[in-house]
Amino acid sequence: EPEVTQTPSHQVTQMGQEVILRCVPISNHLYFYWYRQILGQKVEFLVSFYNNEISEKSEIFDDQFSVERPDGSNFTLKIRSTKLEDSAMYFCASSLRRGEKLFFGSGTQLSVL
Amino acid sequence: AQTVTQSQPEMSVQEAETVTLSCTYDTSESDYYLFWYKQPPSRQMILVIRQEAYKQQNATENRFSVNFQKAAKSFSLKISDSQLGDAAMYFCAYSSNAGGTSYGKLTFGQGTILTVHP
């Protein structure tokens, strides 16, 4: 079965630094998402992306966050100036069509020191 | 806003037996989807089963079935003939199907850790 790939699996950064989390969605998928899971807490929706623009975002997704699909294959999440509370597992997901199954990646564990 | 509640932080079951995981949700919408996701130690989220709210028939996928009670806003997962590989965190999730809303915006419950004893 095709997979969503996320790199790196672990990322450690200093508070205030910029990080970019990378995802390669399944090649023919059209809808892309980022979620995060702080340790011990619920999985939370961050943003959805379709047709090269954000279709919906949560309150968490403030000006420090941005997403991009720079080359038609990668889907990135950028955090401009990381905070301690950004430490979490970040999941990328994709789906072929609206209403169809989401495929999740294995996540990137971000640790902000 | 929609909320999803899983009141069982942990459950356990003997191999080959049946276990039911509970989930309740709150919404004012009539058209939506409900899901159960499995998260093994690898942390990848794997879709177990999906239910469309307009369908009265309960969804089934092999050993996994749901009991969807729309009026009660209840959506439980039954795992029959439990296997060691079923051990994982299980999340219940909700997605609106209202016009203009992204299907992929899932609202998750807190999760239930399922242990399977040999």
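The local environment of CD in Gln56(B) is sparse, with at most 12 non-hydrogen atoms from other residues, nucleotides or ligands closer than 6.0 Å.
In terms of modelled atom types and a separation under 3.5 Å, the side chain of Lys70(B) and the main chain of Tyr54(B) share no donor-acceptor contact. Of the possible polar contacts, none joining the Arg50(B) side chain to the Phe35(B) backbone as a donor-acceptor pair under 3.5 Å is found. Side chain of Tyr35(A) to main chain of Leu106(B): a donor-acceptor pair is present (N/O by atom type, distance under 3.5 Å, no hydrogens or angles).
Your options are Phe103(A), Phe91(A), Tyr50(A), and the one with the most heavy-atom pairs under 4.5 Å with chain B is Phe91(A). Per-residue counts of heavy-atom pairs under 4.5 Å with chain A were compared for Gln6(B), Gln110(B), Gln44(B), Met89(B); the largest is that of Gln44(B).
Here the closest heavy-atom approach between residue Asp86(A) and residue Arg36(A) is recorded as OD1-NH1, 4.1 Å. Contact record, Val4(A) with Phe104(A): CB-C, 4.0 Å, taken as the closest heavy-atom pair. Between Phe91(B) and Gly109(B) the shortest heavy-atom distance is CD2-O, 3.4 Å.
Proximity to chain B (any heavy atom under 4.5 Å) is shown, for Gln41(A), by neither the backbone nor the side chain. Of the atoms belonging to Gln39(B), it is side-chain heavy atoms, and not backbone ones, that fall under 4.5 Å from chain A.
Salt-bridge check for Lys42(A) with Glu44(A): failed, with every basic side-chain N at 4.0 Å or more from each acidic carboxylate O.
At a heavy-atom separation below 4.5 angstrom, chain B is approached by no residue within residues 61-83 of chain A.
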